[in-house]
Amino acid sequence: ETVLAIDIGGTKVLGALVSGRAVSEVVEIATPTSEDPRLWIAELLQRVPNWRGRYGRVGAAVTGVVEEGRWSALNPKTLPIPSNYPLIDMLAELAGSPAVALNDAQAAAWGEFRLGAGQGTRNCVFLTLSTGIGGGVVIDGKLQTGLAGHFGLFRADIADPTPIESLTTGRWMAEMARAEGNATDAKGVFEAARNGDAWAEEVIALSARRIATLCANIQLGFAPEKIIIGGSIGLAPGFMARIAAWFDDLPERLQPTLVAAQLGGQAGIVGIAQIASSIEG
Ligand code: ADP
Ligand code: BMX
């Protein structure tokens, strides 16, 4: 069955028609800044009027926490989502079909577990290094949903509300660039580093070191067979290797195994399509 699959991140929204692993007609827009999430979906659907009638289900993989069909931000700096927004009802109404929704990294974890780099494992963790840091955990073949896996919100100190994602990924890299007088995004920081700018090199090195710390702690928490890395920052050339280089300092049995998402930036839409196809309705 064909699924209208939508991935809403802090930076971009992807839409596609997905059937199993086959992804067709991907569209991408910058995440809208209007207040009402209904307008975000409407903006995407307006781009693809000819998709009507070509899918039987709709599934959304979204930044933020989804509990009983309701959607909220944990870190409004990643995306300011109205609290307890009735996401599944809105999707079903706009798309005119049965709907499912899950956190973006959880959906991607499921996509990778079933059809990507997590195949053959029983326990794996997916980490998206993107606008923020998202996590999805599969334990004994079962995807953990709701709040579980929100590693980007881990803090170093309960008395300091700054989460690790605000010290490592997209939004932070852009802030660091601004502090250097460069109005650019994380992508621009990677470009600057390739051009030999020392400040950009330092930003990337510090981010990789902090994320290596996070991965080492995840390994102790869940002992996943693999930690699968996705997101545009996670998949930027050389970045995973910089994280993994820190593991050499750990005792061997504590070292995580990092692998790149096989479905790349499509892990979320493939994963949510798998889940949408399996529901009744
Ligand atoms: P989202 O968070 O919306 O799911 P992404 O996974 O694309 O989206 O992550 C967005 C972040 O990745 C932004 O901070 C953006 O600047 C950065 N980015 C996009 N492309 C690249 C690239 N080629 N190299 C490094 N960073 C990138
Ligand atoms: C944040 C949190 C997670 C999300 C992660 C990655 C919000 C709005 N989002 O930790 O739910 O999985 O960001 O999101 O609180 P992305 O936009 O970087 O993919």
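Worth knowing before you read on, the calculation uses all heavy atoms, side chains too, and leaves out hydrogens, waters and symmetry mates. Remember, it's 1-based here, ligands and their atoms both numbered in the order they're listed. Keep in mind it's a predicted model, so treat the numbers as computed, not measured.
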Legend entry - Arg171 CZ: over 12 foreign heavy atoms closer than 6.0 Å: yes
Inset, instruction - Take Ser34 and Asp36 through the side-chain hydrogen bond (donor to acceptor under 3.5 Å, both in side chains) test and state the conclusion after the steps. - result: CA-CA 6 Å; Ser34 49; Asp36 184 357; over 6 Å; no
Legend entry - Ile81 N/O under 3.5 Å from ligand 2 N/O: no
Inset, instruction - Say whether Glu25 and Trp51, considering side chains only, have a donor N or O and an acceptor N or O under 3.5 Å apart. - result: yes
Legend entry - Per-atom contacts, ligand 1 versus Asp185 - under 4.0 Å to a heavy atom: 16 (O)
Legend entry - Sub-3.5 Å N/O-N/O distance, Gly64 and ligand 2: yes
Inset, instruction - Identify the protein heavy atom lying closest to atom 17 (O) of ligand 2, giving its residue, its atom name and the separation to 0.1 Å. - result: Gly10 N, 2.8 Å
Inset, instruction - Give the numbers and elements of all ligand 1 atoms closer than 4.0 Å to a heavy atom of Ala236. - result: 24 (N), 25 (C)
Legend entry - Short N or O distance, Lys12 and ligand 1, threshold 3.5 Å exclusive: yes
Legend entry - Min N/O separation Thr31 to ligand 1 under 3.5 Å: no
Inset, instruction - Tell me which protein heavy atom sits closest to atom 19 (O) of ligand 2, plus the residue, atom name and distance to 0.1 Å. - result: Asp104 OD2, 2.8 Å
Legend entry - Contact check: Ser232 vs ligand 1, nitrogen or oxygen atoms, below 3.5 angstrom: yes
Inset, instruction - Each residue besides Leu115 in its hydrophobic cluster should be listed here, by chain and number; the cluster joins Ile, Leu, Val, Met, Phe, Trp and Tyr at side-chain heavy-atom distances under 4.5 Å. - result: Leu14, Val18, Val23, Val26, Leu263, Ile269, Val270
Legend entry - Under 3.5 Å: N/O of Thr128 near N/O of ligand 2: no
Legend entry - Close-contact set for ligand 1 against Gly231 heavy atoms, below 4.0 Å: 6 (O)
Legend entry - Protein contact of atom 9 (N) of ligand 2 - nearest heavy atom, named by residue and atom, plus distance: Thr63 OG1, 2.9 Å
Legend entry - Geometric N/O contact Lys187 with ligand 1, under 3.5 angstrom: yes
Inset, instruction - Ignoring hydrogens, just give me the one of Lys12, Gln106, Glu165, Lys77 whose non-hydrogen atom is nearest atom 1 (C) of ligand 2. - result: Glu165
Inset, instruction - Please identify which atoms of ligand 1 are closer than 4.0 Å to at least one heavy atom of Ser130. - result: 2 (O), 5 (P), 6 (O), 9 (O), 11 (C)
Inset, instruction - Using a strict 4.0 Å threshold on nitrogen-to-oxygen distance, state whether Arg38 and Glu93 make a salt bridge. - result: yes
Legend entry - Proximal ligand 2 atoms for Gly134, defined as those under 4.0 Å from one of its heavy atoms: 5 (C), 6 (C), 12 (O)
Inset, instruction - Report yes if Asp104 has an N/O atom closer than 3.5 Å to an N/O atom of ligand 1; otherwise report no. - result: no
